[in-house]
Enquirer: 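Pasting a structure here, questions to come.
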Amino acid sequence: MLTNVMYVTLYVTDQDRALKFYTEQLGLEKRIDFPNPDGRFLTVGVPGSPVELVLWARAAAAGKPTEVLLGAAPGPVFLESDDLREDCKVFRDRGVTFDQPEPEDYGFGIRIEAVDPDGNRISLRERPRAGHG
């Protein structure tokens, strides 16, 4: 039986730039950085979580969303926060771009969308707190 989600792949045009965004701006940790003949295998993850994002080098447009309107579709990756409103202030100070000025309440908690340097949409969420929603 399946036991875990190991990796989710995001296509990036510059692995060093993507690594900086995901670690320095979003606060994820670098897990694997292994050069090999097929290309550099680079992963990041949320501290304490077993799931890793593979930052896979591809040409400009490979895997990149085309003309996606902000707010129209969720990202391929959902990251959970325990205090999204506060985290967004920190992320914004670090240069993260969002689709709206502030996180919004919705049926499953609080949400906002961000975009990485390659146009990958990152959905940031906070689940409703017990007794709220």
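The shown structure was predicted, so the numbers you read here are calculated from the model rather than taken from an experiment.
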Enquirer: Quick check for you: to the nearest 0.5 Å, what is the distance between Glu86 atom CD and Phe91 atom CZ?
Expert: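 Here the rounded value is 11.0 Å.
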Enquirer: Looking at Phe21 and Val96, what are the two nearest heavy atoms and their distance?
Expert: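 Looks like CE1-CG2, 4.0 Å.
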Enquirer: Looking at Tyr106, does the NZ or CZ of Arg125 lie under 6.0 angstrom from its six-membered ring centre and within 45 degrees of the ring axis?
Expert: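 Flagged: Arg125 positioned over aromatic ring of Tyr106.
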Enquirer: Is it true that Asp118 and Arg58 make a salt bridge, defined as a side-chain N closer than 4.0 Å to a carboxylate O?
Expert: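 No salt bridge links Asp118 with Arg58.
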Enquirer: Taking 4.0 angstrom as the limit, do Arg40 and Asp16 come out as a salt bridge?
Expert: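 Judged by the 4.0 Å cut-off on N to carboxylate O distance, Arg40 and Asp16 do form a salt bridge.
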Enquirer: Is Glu29 paired with Arg31 through a side-chain N to carboxylate O contact shorter than 4.0 Å?
Expert: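 Here Arg31 pairs with Glu29 in a salt bridge, since their nearest N and O are under 4.0 Å apart.
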Enquirer: Compare every heavy atom of Val44 with every heavy atom of Lys30, then report the nearest pair and how far apart it is.
Expert: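 Heavy atoms only, the tightest pair is CA-CG1, 4.2 Å.
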Enquirer: Between Asp105 and Arg85, does any NZ, NE, NH1 or NH2 come within less than 4.0 Å of an OD or OE carboxylate oxygen?
Expert: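 Result for this pair is yes, salt bridge flagged.
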Enquirer: Can you tell me how far the CZ atom of Phe78 sits from the CD1 atom of Ile122, to the nearest 0.5 Å?
Expert: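 Spacing of CZ (Phe78) from CD1 (Ile122) equals 10.0 Å.
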Enquirer: Are any side-chain N or O atoms of Thr43 and backbone N or O atoms of Ile32, one a donor and one an acceptor, separated by less than 3.5 Å?
Expert: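 Yes; judged by distance alone, with no hydrogens or angles, the pair exists.
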Enquirer: Looking at Thr9, Asn120, Val12, Leu28, which hits side-chain contact (heavy atoms from CB on, under 4.5 Å) with Leu53?
Expert: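 By the side-chain contact (heavy atoms from CB on, under 4.5 Å) criterion, Leu53 pairs with just one of Thr9, Asn120, Val12, Leu28: Leu28.
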Enquirer: Which heavy atom in Leu84 sits nearest to a heavy atom in Ile110, and how many Å separate them?
Expert: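 Shortest heavy-atom separation between Leu84 and Ile110 comes out as CD2-O, 3.7 Å.
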Enquirer: Output the distance between atom CZ (Arg111) and atom CG (Leu124), rounded to the nearest 0.5 Å.
Expert: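 Output value for this atom pair is 12.5 Å.
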Enquirer: For Pro103 and Ile112, which heavy atoms make the closest approach, and how far apart are they?
Expert: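 Between these two residues, the closest heavy atoms are N-CD1, 3.7 Å.
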Enquirer: If you look at every heavy atom in Phe108 and Pro128, which pair is closest and at what distance?
Expert: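 Shortest heavy-atom separation between Phe108 and Pro128 comes out as O-CD, 3.0 Å.
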Enquirer: Identify the two heavy atoms, one from Phe98 and one from Arg92, that lie closest to each other, and give their separation to 0.1 Å.
Expert: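 Between these two residues, the closest heavy atoms are CD1-NH2, 3.2 Å.
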Enquirer: With a 3.5 Å distance limit and no angle check, can you tell me whether Glu126 reaches the backbone of Ser81 through a side-chain donor-acceptor pair?
Expert: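 No, Glu126 side chain to Ser81 backbone: no donor-acceptor pair under 3.5 Å.
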